[in-house]
Amino acid sequence: MNQSRWPQWLPLREDLQELVPYGAPQLPSLAQLNTNENPYPPSRELVQAIAKRVEEVAGSLNRYPDREAIDLRSALANFLNELSGLHLSAKQIWAANGSNEVIQSLFLAFGGRGALGFTPSYSMHPLIARVTGTSWINGERREDFTIDAIAASAQILSTRASLIFVTTPNNPTGTAISLTDLEIMAKAAGSVGGLLVVDEAYAEFSQEHSALDLLEKYPHLVVIRTMSKAFAFAGARVGYLAGDEEVVNAMQIVRLPYHLSALTQAVALVALEHRKELLSAVETLIASRQWVSRQLESLGVKVVPSSANFLLFTVPSSQEIWQSLLDQGVLVRDVGLSGYLRVTIGNEAENERFISALRNSLGGK
Ligand SMILES: *Cc1c(COP(=O)(O)O)cnc(C)c1O
């Protein structure tokens, strides 16, 4: 038996003893390209609008915030309706401190028969599963990281998981799944009484149709979105879910009371009012992704086709190249896939710095 690294007196739950905290390094660097943030900070005008709204809210911070976050959920519904032509209302939206909290609530409410995900994918799905006492099953992708919807459906039927996660575009590979394939999986999920969770953290960067288009037909399908990536608002911690009203009702059972602070709600509303500015860099980032991809290929590096704001690319040694890039001030992500690294698309100067640092690192081998 393994010796636990925890002190004997600490009554830590046994199933948590071998886990380590989520830990993307937060290191000082000239180009911070490891957590898929939007590199463009808010404008001065937006900063002032936020400061003004915070001042207004500050006067009533002796009171608890709106527990149901109705104004924010209505604004998020309107935002999604604008994008999709749907007619969602606040009752079909849940909002929380980042989509990670949404994911945690999903496990708490619906994790009973275990969760299935298709790896490699977002590492927090299995980690939050385990922390919430939900069993996690690793499903399979093809060699090229795409999902075979028929094989995936067979896995859904054989595991009978109550939660099935599909991340599209997928993190860390950037791979997107078509609506047709998602629908095949939604049918399989429905036939075993499972909930299909489509994590669309990077949807704004993708050409594929959003799973929002399937919401009306499949009440057991939910879509998760975040303000942390394309929306350029990671520091505020706001994520949300769109789904059937009954899913949202169940989320309310497991959420902590007053989970979204009055400041978060107010600031997120300002951000939605300025959505045009906040999303304005998406086209630039897509063009930069194409530029970085071509540069990587000219260095003889293989790049996985990406529909997100990052690229997964091949390297002779993940650890050595990661360190060598960091020594040159460029922080990328070692996602634990041997022979690969992931780089977030940054601003032009950061992208150029990354390419020239990588040229050095590869040349020196
Ligand atoms: C970044 C990310 C999230 C979550 O982010 P929050 O900041 O908690 O909203 C969720 N899913 C995927 C796949 C991500 O990459």
Side-chain angles (χ1 to χ4, degrees), residues 21-26 32-39 69 72 76 79-80 93-107 115 117-129 131-132 136 139 141 145 147 163-177 182 196-206 208 210-211 222-242 251 255 259-261 264-265 267-268 271-272 278-279 282 285 289 304 306-312 332-337 342-345:
Y22 171 86
Q26 293 193 301
Q32 194 185 308
L33 304 175
N34 72 331
T35 51
N36 299 342
E37 294 147 322
N38 187 319
L72 176 57
L76 288 166
F79 172 59
L80 290 183
I93 304 290
W94 187 241
N97 294 284
S99 47
N100 276 301
E101 192 183 32
V102 173
I103 292 164
Q104 183 187 55
S105 291
L106 285 168
F107 283 123
F118 303 90
T119 48
S121 189
Y122 187 44
S123 63
M124 284 310 294
H125 294 154
L127 185 58
I128 304 173
V131 167
T132 57
W136 176 267
R141 288 174 181 265
F145 301 126
I147 289 182
L163 282 170
I164 299 105
F165 279 82
V166 181
T167 307
T168 183
N170 187 42
N171 179 8
T173 61
T175 328
I177 186 170
L182 264 186
L196 184 68
V197 180
V198 187
D199 188 337
E200 289 195 347
Y202 303 96
E204 294 90 340
F205 300 106
S206 173
E208 291 291 346
S210 163
V222 301
V223 178
I224 309 178
R225 293 260 179 137
T226 178
M227 292 176 96
S228 299
K229 308 288 165 55
F231 217 95
F233 217 52
R237 308 302 299 125
V238 183
Y240 52 103
L241 163 151
M251 301 286 276
R255 65 110 153 79
H259 68 298
L260 263 186
S261 87
T264 303
Q265 294 185 37
V267 162
L272 283 165
L278 283 165
L279 287 167
V282 167
L285 289 167
R289 176 183 78 208
V304 179
S306 170
S307 303
N309 66 335
F310 54 82
L311 292 165
L312 189 72
V332 300
R333 190 68 161 272
D334 180 353
V335 293
L337 273 179
R342 189 194 72 193
V343 63
T344 304
I345 303 305

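Counting starts at 1 for both ligands and their atoms, in listed order.
- At a heavy-atom distance under 4.0 Å, atoms from both the backbone and the side chain of S99 approach ligand 1.
- Close approach of ligand 1 to G98 (heavy-atom distance below 4.0 Å) involves ligand atoms 6 (P), 8 (O), 9 (O).
- Heavy-atom contacts of S228 reach the following atoms of ligand 1: 6 (P), 7 (O), 9 (O) (cutoff under 4.0 Å).
- At least one N or O atom of N100 sits closer than 3.5 Å to an N or O atom of ligand 1.
- Not close to ligand 1: N36, with no non-hydrogen atom less than 4.0 angstrom away.
- For N34 against P25, the heavy-atom pair with the smallest separation is ND2-O, 3.0 Å.
- Using modelled atom types, one side-chain atom of E200 and one backbone atom of A211 make a donor-acceptor pair closer than 3.5 Å.
- Under 4.0 angstrom from ligand 1, the non-hydrogen atoms of D199 all belong to its side chain.
- A donor-acceptor pair under 3.5 Å links the side-chain atoms of T119 to the main chain of G139, judged by distance alone.
- With no hydrogens or angles considered, no side-chain donor-acceptor pair links S206 and E208 at under 3.5 Å.
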Derivation and outcome, side-chain hydrogen bond (donor to acceptor under 3.5 Å, both in side chains), residues R225 and S210:
CA-CA 11 Å; R225 293 260 179 137; S210 163; 3.3 Å; yes

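- Under 4.0 Å from ligand 1, not a single heavy atom of M227 appears.
- Here the side chains of F205 and V282 are in contact, with some heavy-atom distance below 4.5 Å.
- Within the listing of ligand 1, atoms 13 (C) sit less than 4.0 angstrom from a heavy atom of T167.
- With a heavy-atom cut-off of 4.0 Å, K229 touches ligand 1 through its side chain alone.
- Listed by number with element, the atoms of ligand 1 under 4.0 Å from a non-hydrogen atom of R237 are 6 (P), 7 (O), 8 (O).
- Protein heavy atom in closest approach to atom 15 (O) of ligand 1: Y202 OH, 2.6 Å.
- When all heavy atoms are compared, the tightest approach of S99 to I224 is CB-CG2, 3.4 Å.
- No side-chain donor from either of N170 and T175 sits under 3.5 Å from a side-chain acceptor of the other.
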